[in-house]
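Written below as structure tokens is the structure these notes are about.
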Amino acid sequence: MVKETMLYFSKDDNERGVYPARNFLGIDMGDADTMQVSFKKETGAQDKAIIDLTIATGKAKEAAEVLAGALAGQSRGLTIIADKERSNFLYPFTAIESIA
């Protein structure tokens, strides 16, 4: 069985998801401290999963680099990017606003 890099995001009981790195579509900056990360859905649906994240002020480049490192997944396992329920955020991510 081939191990795959997976990224975990959780806002609450109703909004959480695990996405394989191979389904990464891209990032969009909302403004200086918000980032949208998008993934192709595993269901094959045409719409995409969009995760709205807050990042530390002035850290957009660093956030993109950290996300790229997580997607590269040296260990080929699960990487927690943002978990509001357990207050666990990969720096410079500071909050998760929504998963749609």
Side-chain angles (χ1 to χ4, degrees):
M1 182 175 174
V2 177
K3 283 192 168 185
E4 191 169 0
T5 300
M6 306 293 283
L7 281 68
Y8 179 80
F9 302 88
S10 177
K11 180 181 175 196
D12 55 37
D13 286 344
N14 297 316
E15 293 183 64
R16 65 171 66 113
V18 177
Y19 303 96
R22 65 180 156 77
N23 286 4
F24 175 72
L25 294 173
I27 60 173
D28 291 304
M29 294 305 297
D31 54 37
D33 63 351
T34 60
M35 175 183 282
Q36 290 185 331
V37 182
S38 57
F39 292 89
K40 179 175 71 172
K41 290 186 176 179
E42 285 288 298
T43 61
Q46 292 298 317
D47 58 333
K48 56 189 171 186
I50 299 174
I51 300 97
D52 287 309
L53 300 164
T54 302
I55 58 176
T57 302
K59 298 292 183 180
K61 181 180 176 188
E62 186 175 343
E65 290 170 346
V66 166
L67 186 61
L71 288 162
Q74 303 287 330
S75 64
R76 299 279 186 243
L78 181 70
T79 301
I80 298 169
I81 304 296
D83 184 350
K84 183 176 180 180
E85 295 176 283
R86 290 165 191 79
S87 298
N88 187 2
F89 297 93
L90 188 61
Y91 185 82
F93 300 101
T94 60
I96 182 167
E97 302 304 323
S98 66
I99 301 174

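Numbers here are sequence positions counted from 1.
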Side-chain donor-acceptor pairs under 3.5 Å in residues 92-100, sequence neighbours left out?
residue : atom : partner : partner atom : Å
T94     : OG1  : T54     : O            : 3.3
E97     : OE2  : T54     : OG1          : 2.9
S98     : OG   : D52     : OD2          : 2.8

Residue pair Y91 / A56: nearest heavy atoms and the distance that separates them: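 Taking every non-hydrogen atom into account, OH-CB, 4.0 Å.
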Please report the closest heavy-atom contact between A70 and L7, naming both atoms and the distance.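 Minimum heavy-atom contact is O-CD1, 4.1 Å.
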K48 atom NZ: more than 12 heavy-atom contacts under 6.0 Å: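 Not more than 12 within 6.0 Å, no.
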According to side chain to side chain donor-acceptor pair (under 3.5 Å), who are the partners of K84, at least two apart in sequence or on a separate chain?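 Residues passing side chain to side chain donor-acceptor pair (under 3.5 Å) with K84: none at all.
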Test item: S38 side-chain N/O and G26 main-chain N/O as donor-acceptor pair under 3.5 Å: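 The answer is yes, because a donor-acceptor pair under 3.5 Å joins these two groups.
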With a 4.5 Å limit on heavy-atom distance, are the side chains of [X] and [Y] in contact?
X   : Y   : value
Y19 : V37 : no
V18 : E42 : no
M35 : M29 : yes
T5  : L71 : no

Of all residues at least two apart in sequence or in a different chain, which pass the side chain to side chain contact (heavy atoms under 4.5 Å, CB included) check with S10?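 For S10 the side chain to side chain contact (heavy atoms under 4.5 Å, CB included) partners, ignoring immediate neighbours, are Y8, R16, D83, E85.
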Single-linkage hydrophobic cluster [X]~[Y], side-chain heavy atoms < 4.5 angstrom:
X   : Y   : value
I27 : F89 : yes
F9  : M6  : no
I80 : I55 : no

